[in-house]
There are 2 protein chains.
Amino acid sequence: MLSKTDAEGVRAHNRRVVLNHLRRTGISTRRAISEATGLSMSSASSIASALVRDSILVEMQDNERDFRRGRPERRLVLRAEAARVAVVKIAVGEIAVRLCSYDGQTLAHVRREMSIADLDADRLVDAILELLAEVRAMTGASPTEGGTIESITVAVQGKTDPGEGRIVWSPAMRLRDLLVGPPLAEATGALVAVCNDCSLMPESFRWRSEGRLQNYAFVFIGFGVGMGLRVAGRNFGGQGVSTIEFGHINHIPGGAACRCGNRGCVEAYAGDYALWRRARGLEANAILARRISDAEMRQLAAEARSSEGAAREAFEEAGLAIGYGLGRIFTLIDPLPIVFTGSGAQAIDLLEPAIRRGITESSIAGQGADVEFSIEDDVDALVFEAAANHALAGIDERFATATTPKAEAAE
Amino acid sequence: MLSKTDAEGVRAHNRRVVLNHLRRTGISTRRAISEATGLSMSSASSIASALVRDSILVEMQDNERDFRRGRPERRLVLRAEAARVAVVKIAVGEIAVRLCSYDGQTLAHVRREMSIADLDADRLVDAILELLAEVRAMTGASPTEGGTIESITVAVQGKTDPGEGRIVWSPAMRLRDLLVGPPLAEATGALVAVCNDCSLMPESFRWRSEGRLQNYAFVFIGFGVGMGLRVAGRNFGGQGVSTIEFGHINHIPGGAACRCGNRGCVEAYAGDYALWRRARGLEANAILARRISDAEMRQLAAEARSSEGAAREAFEEAGLAIGYGLGRIFTLIDPLPIVFTGSGAQAIDLLEPAIRRGITESSIAGQGADVEFSIEDDVDALVFEAAANHALAGIDERFATATTPKAEAAE
DNA sequence: AGACTTTTTCCGAGCCTCGTAAAAAATGGT
DNA sequence: ACCATTTTTTACGAGGCTCGGAAAAAGTCT
């Protein structure tokens, strides 16, 4: 059911537009805002000034400006101190926390290797709170006051329920259905989102692309196989749709055993443990308990590159599984460019031919077999940036809608 | 990139909201509009009166009203004559056209069996124009003037490009890439949409559900296997994403031959020709040229119900293919209730156990195996209603945005 | 016929955007 | 030093939209 709007809604929307523009450009001026957004000079100026008055933007003290003729422009930027957001990244055997200012700068970062496998929801929340306190202290804020965090995005391996703020299942924890969102929100007063790490990835491009790249997918190949999808300019998954589990799309009915308990998932061919299993001649229904190290994976790739044999076949089967998975998706959604990341992306040279062959064999008329592939090396950086963007977008939305009434503004 | 809005945008949006409400309720009043939309009495009344003035709504002459106390309400309805929309349905060996009034009533309907397999784009457009003229004549409009059609939605079996107005591929036509949208738009002056029939199906619920059913899927089982998906209250496919081809999602790599040229598609197990092929013991890579009649399918189902054997196995394999297809989708999108339609839906009793088993085996933790199934018997009625709703929504949008400036309205 | 009830219209206030005019703040030239 | 020029920003009035409350309209009930 559609709902009505009014003048207040117009203001809120146009504030959103202005904030969005500033996220993209970093530094702007009232005139530039007007030109970029299509708002009239008066409106752009009025909104910008209101945002400055609300301490969301600041006018830079221009020490170094270009000495052009005419009244110099007042350059505007997002005010770093306007809000603080945090990213919490939960993976097997570690929790990492990053604190960012409103303008997106990293203020502090802590990574702690710890055994979190047996934690229940309360303990996990306690551990996160401890790291949050630590990271806050690093910025000089006293433990009790100053520098409150207004938005937290938790990026976690595994399946989450973003609506409820719940970790449904994660390889990092033994227990299931851990409700972490609400308690975290209560303890900190922040608005909290609990998301799968891979499905966040497209957020890393949120303000980067110039609107060109409306559709693209991230594919993570590593311990598991994950995906983040952006279709028609909006993230696929989040509210309404929970995590997309690319790694657990069935590839071959009754096929190789997967960690998830099913048989024949993409991950059961393309996950690092699956590659190892296949290359070392282990049984296809053996589940490896231990993690394969990056060094071991590099070793495997080297073997496959140097000579024919099980290792090379393993990469070929993995590529085929990924290709079929992509082909199946391209049959639902139009083909889109793909960014590969994770340890498996280092072996893209071994995978690519099979991936493209898989797409050819599984999509109508082989369309999508020629989509653009690219590589993002640093998964961690990607997830942190993506999650930070997500958290910042939440604050932007709050700032856009919280319009200061004129009466109060007058004083 | 977000774009600005202004007062005009507010008006347009609120007109949209009012029209949407009238679509849902059929008959309403100014007061009821205010209550349902949240608009103030003044605004609701102002918008309603403007819509009446613009000849989009009419006040009913109340011959039979309930004799309550107080000033009687003026009941408002969509004005049937405000616009006319047409639906063109293209299937193997036939074209059907339906003309509807702005309030959604069917004015005329023509179905013509004809050999369209060898038509090129121009001939196809000519054939459509002829039928449109015929259907218009049936309503008493002269061939040249009166009763112009303002929106046409073409529902076609096969793959379309809704953005370009192109039929990419259809089982009804031998040629590919038929550009029909633009020439049809030029000849009629209408806004034209070219859509896959199955992907339109969710539009049939557009104004029906009370917002409850945000997510659901239609699965068509017949000559081919198709799907229409509604996720988070919006149709999946349309702009940005073209047709979703559920029938051609790969089920088994290297499996049975499909009409599309690939191997192992869902349709190659669940399409009527595939069922026939399997039940009659034909080779799995044989492609049947002829169509299987509904009577033959009923016969096949009867065989499967009465005794074990190839027919029963065929339905079981078909169900499994559909179930795996659904399970694969449920791994991307949360499980959602499913409406089955098409001749295959008549045999849902034979398919259902295998479908649910397929979902169990292919989705994580078997989730979605318990989604609600329902049946829609009359596929044709479904597609016509859906396409008409689609066309009407286009008119609504035009009426919402084409605000009459106050100055002109004054006269 | 007058009281009562319910729906609809009318009118002024408050926002918001827009276009234009005025103000502000610099540089350049004489 | 001073004034013209240039460019950015603010100020102001007009117009559109929604809102709330008052007034009008159009019936029924007694």
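Residue numbering restarts at 1 for every chain, and letters A, B, ... go by the order of the sequence lines.
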Quiz item: Is there a donor-acceptor contact under 3.5 Å from the side chain of T401(A) to the main chain of R398(A)?
Solution: yes
Quiz item: Does a donor on one side chain sit under 3.5 Å from an acceptor on the other, for R16(B) and N20(B)?
Solution: no
Self-check item: Angle between terminal axes - the helix from dA1(C)-dT30(D) to dT30(C)-dA1(D), 5 pairs each end, rounded to 10°
Solution: 30°
Quiz item: Under the 3.5 angstrom rule, does the side chain of T139(B) hit a backbone N or O of R136(B) as a donor-acceptor pair?
Solution: yes
Quiz item: Within the pair N14(A) and dT17(C), is there a side-chain N or O less than 4.0 Å away from OP1 or OP2?
Solution: yes
Practice problem: Indicate for each nucleotide in nucleotides 3-10 of chain C, in 5' to 3' sequence, whether protein heavy atoms under 4.0 Å reach the base (B), only the sugar-phosphate (S), or nothing (-). | Solution: -BBBBBBB
Practice problem: For the pair N235(A) (side chain) and L200(A) (backbone), establish whether a donor and an acceptor sit closer than 3.5 Å, ignoring hydrogens and angles. | Solution: no
Quiz item: Hey, does I47(A) reach any base, or is it just sugar-phosphate, or nothing, if we go heavy atoms under 4.0 Å?
Solution: sugar-phosphate
Quiz item: In residues 3-13 of chain A, what residues come within less than 4.0 Å of DNA chain D, judged by heavy atoms?
Solution: K4(A), D6(A)
Practice problem: Before accepting this row, confirm whether a basic side-chain N of the pair R206(A)/E203(A) lies closer than 4.0 Å to the acidic partner's carboxylate O. | Solution: yes
Self-check item: Donor-acceptor pair, side chain of D54(A) and main chain of I56(A), under 3.5 angstrom
Solution: no
Quiz item: Do the side chain of R75(A) and the main chain of M60(A) share a donor and acceptor less than 3.5 angstrom apart?
Solution: no
Exercise. May I ask you to establish whether R23(B) and Y102(B) are in a cation-pi arrangement, using a distance under 6.0 Å from NZ or CZ to the six-membered ring centre and at most 45° from the ring axis?
Key: yes
Quiz item: E385(A) and S204(A): which non-hydrogen atoms are nearest, and at how many Å?
Solution: OE2-O, 3.5 Å
Quiz item: What distance do R74(B) atom CZ and Q61(B) atom CD have between them, rounded to the nearest 0.5 Å?
Solution: 7.0 Å
